[in-house]
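So that the names make sense, note that chain A is the first sequence line, chain B the second, and so on, each numbered from 1.
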Amino acid sequence: MTINLYNTLTREVSEFVPLLPGKASIYLCGATVQGAPHIGHIRSGVNFDILRRWLTHEGFDVTFIRNVTDIDDKILHKAVHENIPWWAVAMKYEQAFTWAYQRLNVLSPTYEPRATGHITQMVELMQILIDNGSAYAPGNGDVYLSVRSLKSYLTLSNQKLDDLQSADDSEETFKKDPRDFALWKGAKPGDPSWPTPWGPGRPGWHLECSAMAHAYLGAEFDIHGGGLDLIFPHHENEIAQSQSAGWGFAKVWMHNAWVTASGEKMSKSLGNSLLVSEIVQKVRGIELRWYLGSAHYRSMMEFSFEALEETVVNFRRIEGFLFRAEELLGAQPGSDISPAFAAAMNDDLAVPAGLAEISELLRQGNTAVTANDLAMIASTAAQIRGALQILGCDPFDPAFAVDESSSHSAMDGLVSLALAQREAARARKDFAAADAIRDQILELGILIEDTPSGPRWTLVR
RNA sequence: GGUGGAGUGGCCGAGAGGCGAGGCUCAGGACUGCAAAUCCUGCCACACGGGUUCAAAUCCCGUCUCCACCUCCA
């Protein structure tokens with residue numbers, strides 16, 4: 001079975017052919033840690049986590065690099081604003097991202113390099129670029145890439161250099177061409193800086209990704225990912241830097257679309273950003289992940305609490321079936337991938353089509369529960385669980401465990417006592433008393449359901 | 001000005017020439033002491049105007065609306 005992926009570079013879906021058989025190297029642009037993550041940031045993490053899990057499932061040995069850009073203008077501004085050192089700002093928000101990734105069961109990358117830990121590699125890259133004439137240091141501490149000297153530029157965004165709206169910063173007197181971009185920024189008083197042959201300074205925005213991708217994945221690698229808004233300028237400039245250095249760089253470019261609110265891209269400046277930390281007050285991490293992963297990664301997602309609640313209902317049905325299956329089977333369901341789900345994932349990660357398959361399996365599984373067909377329950381539950389594992393939403397995954405096993409068993413004892421009372425009332429046809437017990441327990445957040453194999457209870461939260 | 005994307009039923013959300021996407025909600029039915037859960041049935045939409053075709057949500061032409069990027073961005 002072949003995996004087909006959309007490549008922004010070619011603008012078509014094509015078969016994924018790794019550089020090295022059986023291996024997949026992925027570089028994902030992670031966070032610039034200048035603020036707490038909103039659900040748009042974490043959607044990117046979830047989308048590419050699904051890609052990684054699928055490739056891994058298909059037998060690829062995946063090396064997944066997701067960087068942290070821990071030095072940039074906004075971090076420095078924030079440091080002044082919050083009156084703490086810039087590195088404390090970076091650490092604070094890096095930890096906020098890590099917390100959010102863990103909360104949503106986004107797997108840790110194979111390695112998570114920080115920009116400030118790779119100054120040496122950046123200086124080496126700049127040296128190459130200056131030596132071969134692609135870049136220049138005008139003498140003020142800055143280093144620029146000369147975009148007019150490139151054999152090709154803007155291939156990813158399909159733009160023409162002269163069609164770009166000109167930058168309105170007329171004071172850029174050190175640039176040979178207004179489109180040239182800074183690889184390195186000379187130190188200003190009070191700024192953090194690192195020594196270079198061209199004077200002390202700090203990295204420009206794009207240099208770190210070229211340097212770190214090269215350091216961990218080599219001159220050429222399989223997939224480079226990130227949000228749609230990184231295509232220009234960030235990814236164009238990464239390509240410019242890396243290819244000018246003679247590196248082949250990424251073969252496939254993948255970009256996830258945004259989460260929008262009222263039709264507009266989520267951003268701090270618009271004041272419409274929804275922090276992960278806020279949403280997980282309302283729904284569980286697994287439920288937020290289910291929601292964020294449910295739309296195709298290349299489609300814009302219009303966020304609303306109504307839509308979120310709606311998919312949560314859907315998820316709880318699925319989860320409920322798996323728990324039910326566990327009770328009936330006496331063990332957690334196994335893990336399997338149905339052909340239809342595999343076909344969906346191989347088609348450029350068509351999660352919505354995969355969800356339709358899960359719905360079909362759920363229907364079959366529930367019918368099997370009614371018929372007490374254990375073999376059917378086992379097979380459908382395994383296929384549903386397998387699909388959920390790819391989506392990172394396996395309710396049995398320890399990542400989502402709330403660690404309530406001891407209290408849960410105590411509660412089970414208490415609820416059993418009440419249920420015994422209710423069963424006694426039902427036996428003597430005292431339904432008023434039986435219903436009263438059920439209603440009182442429901443008010444405590446515990447739902448009682450009568451099934452052919454006796455009453456069962458679940459927390460409704 | 002340049003580049004790219006979107007408009008689908010009450011709502012979310014796929015599809016990209018013919019075959020029911022799916023989910024949520026709602027209505028009816030089965031099951032149940034009543035519920036809950038579950039299953040079955042129904043609700044048959046593709047911004048607008050033309051065109052191509054045996055057949056168009058899907059292709060072509062035109063129009064409208066919205067969003068994004070153009071050196072801060074997931």
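- Nucleotides B/C43 and B/A37 are separated by 24 Å at their C1' atoms, to the nearest Å.
- Put simply, the side chain of A/Asn4 gets close to the backbone of A/Glu15: a donor and an acceptor are under 3.5 Å apart.
- Distance from the side chain of A/His38 is smallest to B/A74 among B/U25, B/U71, B/A74.
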Stepwise side-chain contact (heavy atoms from CB on, under 4.5 Å) test for A/Arg103 and A/Leu288: CA-CA 10 Å; A/Arg103 198 65 187 261; A/Leu288 177 56; over 6 Å; no

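- Two residues are said to be in side-chain contact when any heavy atoms from C-beta on lie closer than 4.5 Å; A/Arg438 and A/Asp450 meet this criterion.
- As a whole-Å value, the separation of A/Met254 CE from B/G4 P is 20 Å.
- Using a cut-off of 4.0 Å between Lys/Arg side-chain N and Asp/Glu carboxylate O, A/Glu319 and A/Arg316 are scored as not salt-bridged.
- Here side chain to side chain donor-acceptor pair (under 3.5 Å) pairs that include residues 375-392 of chain A, with residues two or more places apart or in two chains, are A/Gln332-A/Arg385, A/Ser335-A/Gln389, A/Arg385-A/Asp394, A/Gln389-A/Asp394.
- With rounding to whole Å, A/Leu154 atom CG is found 10 Å from B/C70 atom C1'.
- Applying the ring pair (Phe, Tyr, Trp, His ring centres under 6.0 Å) test to A/Tyr6 and every residue at least two apart in sequence or in another chain returns nothing.
- At a cut-off of 3.5 angstrom, the base of B/G33 holds at least one donor-acceptor pair with the side chain of A/Asp435.
- With a 4.5 Å cut-off on side-chain heavy atoms, A/Leu442 and A/Ile448 do not count as touching.
- One interatomic measurement links the two molecules: CZ of A/Arg428 to P of B/G33, which rounds to 17 Å at whole-angstrom precision.
- For A/Lys265 and B/C69, the shortest distance from a side-chain N or O to OP1 or OP2 is below 4.0 Å.
- At a threshold of 4.0 angstrom between heavy atoms, the contacts of A/Glu306 with the nucleic acid are absent.
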Taking protein heavy atoms under 4.0 Å as touching, what does nucleotides 12-21 of chain B look like 5' to 3' if B marks base contact, S marks sugar-phosphate-only contact and - marks none? SSS------B

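- Checked by atom type, the side-chain pair A/Ser242/A/Ser210 shows a donor-acceptor distance below 3.5 Å.
- Comparing the same atom, C1', in B/G49 and in B/C54 gives a spacing of 24 Å after rounding to whole Å.
- Heavy atoms of A/Gly40 sit under 4.0 angstrom from at least one base atom.
- A residue-by-residue look at A/Cys29 and A/Ile448 shows that A/Ile448 has its nearest nucleotide of RNA chain B further toward the 5' end.
- Contact annotation for A/Arg317: backbone-only contact, meaning every heavy-atom pair under 4.0 Å involves sugar-phosphate atoms and none involves a base.
- For B/C72, the base has a donor-acceptor partner in the side chain of A/Lys74 [N/O atoms by modelled type, under 3.5 angstrom].
- For A/Leu447, the listed nucleotide lying nearest its side chain is B/A36; candidates were B/C24, B/A74, B/A36.
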Could you pull out the protein-nucleic contacts involving nucleotides 63-65 of chain B (nitrogen or oxygen on both sides, under 3.5 Å)?
none

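- In this structure, A/Asp180 and A/Leu145 have side chains that are not in contact, with every pair of non-hydrogen atoms separated by 4.5 Å or more.
- Spacing between atom CG of A/Leu308 and atom P of B/U25 amounts to 14 Å, rounded to whole angstrom units.
- Using cut-offs of 30° and 60° for the angle between ring planes, the A/Phe221 and A/Tyr27 rings count as tilted.
- Going from the P atom of B/G62 to that of B/G2 covers 15 Å, rounded to whole Å.
- No engagement by A/Asp72 is indicated, since no non-hydrogen atom pair under 4.0 Å with the nucleic acid exists.
- Aromatic ring centres of A/Tyr291 and A/Phe303: separated by under 6.0 Å.
- One C1' atom belongs to B/C48, the other to B/C39, and the distance between them is 42 Å to the nearest Å.
- Heavy-atom minimum distance, A/Ala382 versus A/Pro333: N-CB, 4.3 Å.
- Counting atom types as modelled, A/Arg438 pairs a side-chain N or O with a base atom of B/A35 as donor and acceptor under 3.5 Å.
- Rounded to a whole Å, the CG atom of A/Asn158 is 21 Å from the P atom of B/A68.
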Are any protein N/O atoms closer than 3.5 Å to N/O atoms in nucleotides 26-31 of chain B? If there are, list each pair with its distance.
none

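- Nucleotides B/A55 and B/A16 place their C1' atoms 15 Å apart, quoted to the nearest Å.
- Scanning for ring pair (Phe, Tyr, Trp, His ring centres under 6.0 Å) contacts around A/Tyr136 gives A/Tyr144, with sequence neighbours left out.
- The C1' atoms of B/U8 and B/U3 are separated by 26 Å, rounded to the nearest whole Å.
- B/C67 sits 25 Å from B/C59 when the C1' atoms are compared, rounded to a whole Å.
- Applying the side chain to side chain donor-acceptor pair (under 3.5 Å) test to residues at least two apart or on different chains, the pairs with a partner in residues 104-116 of chain A are A/Arg66-A/Glu112, A/Asp70-A/Thr116, A/Glu94-A/Arg114, A/Asn105-A/Asp397.
- Two residues are said to be in side-chain contact when any heavy atoms from C-beta on lie closer than 4.5 Å; A/Trp253 and A/Leu230 fail this criterion.
- Qualifying ring pair (Phe, Tyr, Trp, His ring centres under 6.0 Å) partners for A/His118, counting only residues two or more places apart in sequence or in other chains: A/Tyr216.
- For A/Asn256, taking side-chain heavy atoms from C-beta onward, the closest of the listed nucleotides B/A74, B/U71, B/U25 is B/A74.
- Screening residues 363-377 of chain A for side chain to side chain donor-acceptor pair (under 3.5 Å), with sequence neighbours left out, gives A/Glu360-A/Arg363, A/Glu360-A/Gln364.
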Between A/Ile50 and A/Leu391, is the side-chain contact (heavy atoms from CB on, under 4.5 Å) condition met? List the steps. CA-CA 6 Å; A/Ile50 291 172; A/Leu391 301 177; 4.1 Å; yes

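- Annotation: proximity of residues 227-239 of chain A to RNA chain B (heavy atom, distance under 4.0 Å) is found for A/Gly227, A/Asp229, A/Leu230, A/Phe232, A/Pro233, A/Asn237, numbered in ascending order.
- Look at A/Asn314 and you won't find any side-chain N or O under 4.0 angstrom from OP1 or OP2 of B/G22.
- For RNA chain B, runs of at least 3 consecutive pairs of the Watson-Crick or G-U wobble type, with both hydrogen-bonding distances under 3.5 angstrom, map to B:1-7 with B:64-70, B:10-12 with B:22-24, B:26-30 with B:38-42, B:47-51 with B:59-63.
- Listed by residue number, the members of residues 363-377 of chain A with any heavy atom below 4.0 angstrom from RNA chain B are A/Arg363, A/Asn366, A/Thr367, A/Thr370.
- Map A/Asp163 and A/Thr451 each onto its nearest nucleotide of RNA chain B; the residue landing nearer the 5' end is A/Asp163.
- Side chains of A/Glu208 and A/Thr69: a donor-acceptor N/O pair is present below 3.5 angstrom, by distance only.
- B/U52 and B/C61 are spaced 15 Å apart, taking the P atom of each and rounding to whole Å.
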Under the side chain to side chain donor-acceptor pair (under 3.5 Å) criterion, do A/Trp86 and A/Asp191 qualify, and how do the steps go? CA-CA 9 Å; A/Trp86 65 271; A/Asp191 278 0; over 6 Å; no

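- Between A/Met91 and A/Gln95, the closest side-chain pair of non-hydrogen atoms falls below 4.5 Å.
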